[in-house]
Amino acid sequence: MSILRTMSSAVSGGGFPQADVQRDVLVIGSSGGGSANLGHSDPADLIRSLAEQLRRVGGRVACVQIVCCEEPLDSATPCSRAVLWALGLSEKEEAYVVGSGGVAEDVVVAGERGVRVQGTLGAVNESARRCDQRFAGREFDGVVSVSCDARKGGVNHYSIENALVRRTPVVGTGGSSMACAAERGCRLVGE
């Protein structure tokens, strides 16, 4: 059973109840801390794949915030090269997220418009925190976490806090990030 089908069951008690009602899902995370690659080294491909899987169970990727670093995040420094992929923001929100922290370019992935910000990990993380603040005020039907940074001060802190407060189901990968979400009391779903 896929993690998205598991989320579908958690959100609606056995599957999304109406085919004509799309469920909005937030995708957050990173390229990960270790040297192992779990298939998310190409963020655009990951987003397209998640969008297709969600479509099959009545959902859609509503917003994305993924930080990718050229090296494992466990050994990266603030000067390491990184990229933020942020989808689902208004143009005004994009301007706020980008700030002065990197080189931005418009992107379209799986039909969603967004921005890709390149720079040092320090600058990209600052943009990611700004994006996290924007998503924290929104309501989602589910959160897919791929090696997210849920700790206090982390780039996904507010999104995870929002999921906790709203009891939004969270599903994902990344042992330490999911453990952090569980410790905070999030509604985790999975096998």
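The shown structure was predicted, so the numbers you read here are calculated from the model rather than taken from an experiment. Residues: numbered from 1 along the sequence shown.
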Are there over 12 heavy-atom neighbours, none belonging to Tyr96, within less than 6.0 Å of that residue's OH? yes
Applying salt bridge (charged side-chain N to carboxylate O under 4.0 Å, His left out), name anything that partners Arg81, two or more places apart in sequence or on another chain. none
Assess the side chains of Asn125 and Arg129: does a donor N or O sit below 3.5 Å from an acceptor N or O? no
Taken in chain and number order and not counting sequence neighbours, the residues that satisfy salt bridge (charged side-chain N to carboxylate O under 4.0 Å, His left out) with Glu71 are none
Glu105: salt bridge (charged side-chain N to carboxylate O under 4.0 Å, His left out) partners, not counting sequence neighbours: Arg116
List in chain and number order the residues that pass side chain to side chain donor-acceptor pair (under 3.5 Å) with Arg113, two or more places apart in sequence or in another chain; answer none if no residue qualifies. Glu94
Under 4.5 Å between side-chain heavy atoms, counting indirect links through other Ile/Leu/Val/Met/Phe/Trp/Tyr residues: same cluster for Val107 and Val61 or not? yes
Can you list the residues that meet the side chain to side chain contact (heavy atoms under 4.5 Å, CB included) rule with Ala163, with sequence neighbours excluded? Val143, Thr168, Val170
Results of salt bridge (charged side-chain N to carboxylate O under 4.0 Å, His left out) for Glu91 - residues two or more places apart only: none
Identified side chain to side chain contact (heavy atoms under 4.5 Å, CB included) partner of Val155 from the options Ile66, Leu84, Asp149: Asp149
Side-chain (Ser127) to main-chain (Val97) donor-acceptor, under 3.5 angstrom: yes
Residues forming a side chain to side chain contact (heavy atoms under 4.5 Å, CB included) with Ala104, sequence neighbours excluded: Val98, Val115, Val117
Among all residues two or more places apart in sequence or in another chain, which pass the side chain to side chain contact (heavy atoms under 4.5 Å, CB included) test with Cys180? Ala150, Arg151, Arg184
Hey, are Arg56 and Glu52 close enough for a salt bridge, meaning a charged N less than 4.0 Å from a carboxylate O? yes
Whether the side chain of Ser145 engages the backbone of Ile28 through a donor-acceptor N/O pair (distance < 3.5 Å, no angle test) should be reported. no
Is a side-chain N or O of Asp141 found less than 3.5 angstrom from the main chain of Asp24, in a donor-acceptor match? yes
List the steps, then state whether side-chain hydrogen bond (donor to acceptor under 3.5 Å, both in side chains) holds for Gln65 with Asp132. CA-CA 7 Å; Gln65 184 245 43; Asp132 186 48; 4.8 Å; no
Please name all residues satisfying side chain to side chain contact (heavy atoms under 4.5 Å, CB included) with Glu93, sequence neighbours left out, ordered by chain then number. Leu89, Ser90, Arg134, Arg138
